[in-house]
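Data block below; observations after.
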Amino acid sequence: MAVAFDVTDAEQGEWAVLRVAGELDLMTSPILRQRVHDAVAEGHHSLVVDLSEVFFCDSSGVGVLVAARRLIRSCQGRLRLILPDRGADDGSHVNRVLGALGVRRLFDVRPDVESATAEEAGPLSA
């Protein structure tokens with residue numbers, strides 16, 4: 001049975017927001033990779049990736065997030081991830097995966113879109 005995967009985009013102020021839902025895996029991660037590249041090509045260098053509705057993430061999904069960070073940094077841009085402590089039914093799977101792999105600290109992590117797009121908010125992680 002195929003699980004639905006979706007990436008929707010929106011703008012909030014100067015931020016482009018990509019909301020991801022479903023499984024972020026070998027089959028679906030190229031979709032997110034392309035959407036990140038499309039956003040940057042359209043001139044968005046402030047990007048929020050909302051992963052609160054992702055309930056599974058494998059190494060290819062993590063690879064896309066690390067590549068997105070590298071791309072945004074090369075443009076002197078800003079990347080923020082939304083990784084709530086609890087979300088996507090049983091807790092943020094992506095949050096646990098990034099922590100287990102030791103790469104969560106690479107990302108500016110926020111709990112929701114409002115704090116991710118607010119200039120005065122400080123990061124939850126270094």
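For clarity, every value in this text was computed on a predicted model and none was experimentally measured.
To the nearest 0.5 Å, atom CZ of residue Arg104 and atom CG of residue Leu81 are 9.0 Å apart. Remark: Leu106 CG to Arg70 CZ distance equals 10.5 Å, nearest 0.5 Å. Distance check, rounded to the nearest 0.5 Å: CG of Asp108 to CZ of Arg69 gives 10.5 Å. The CD atom of Glu114 sits 6.0 Å away from the CD atom of Gln12 when rounded to the nearest 0.5 Å. For the atom pair SG of Cys75 and NE2 of His44, the computed distance is 12.5 Å after rounding to the nearest 0.5 Å. In this structure, OG1 in Thr117 is found 8.5 Å from CG in Asp112, a value given to the nearest 0.5 Å.
The heavy-atom pair separating Val94 from Cys57 by the smallest distance is CG2-CB, 3.8 Å. The two residues Val48 and Trp15 have their closest heavy-atom pair at CG2-CE3, 3.5 Å. Closest non-hydrogen pair, Ser60 versus Asp25, comes out as OG-C, 3.0 Å. Considering all non-hydrogen atoms of both residues, Glu23 and Phe55 come closest at CG-CE1, 3.4 Å. Looking at every heavy atom in both residues, Val54 comes nearest to Ala21 through CG2-N, 4.4 Å. Taking all atoms of both residues into account, the shortest heavy-atom contact from Ala68 to Leu79 is C-CD2, 4.0 Å.
Annotation: side chain of Val40 is in contact with side chain of His45 (closest heavy-atom distance under 4.5 Å). Taking the side chain as every heavy atom from C-beta outward, Val62 and Val103 approach each other to under 4.5 Å.
Taking hydrophobic clusters as Ile, Leu, Val, Met, Phe, Trp and Tyr residues chained together by side-chain heavy-atom distances below 4.5 Å, Leu26 does not share a cluster with Leu51. At a threshold of 4.5 Å between side-chain heavy atoms, the hydrophobic network of Ile, Leu, Val, Met, Phe, Trp and Tyr places Leu32 and Met27 in two separate groups.
Residues meeting the side-chain hydrogen bond (donor to acceptor under 3.5 Å, both in side chains) test with Arg73, sequence neighbours left out: none. When the salt bridge (charged side-chain N to carboxylate O under 4.0 Å, His left out) test is applied to Arg35, the partners found at least two apart in sequence or on another chain are Asp9.
Looking only at distances, no side-chain donor or acceptor of Asp38 sits under 3.5 Å from a matching main-chain atom of Ala41. A donor-acceptor pair is defined here as one N or O able to donate and one able to accept, closer than 3.5 Å; no such pair exists between the side chain of Ser115 and the backbone of Arg110.
Between Arg19 and Thr8, the side chains place no donor N or O within less than 3.5 Å of an acceptor N or O (distance only, hydrogens not considered).
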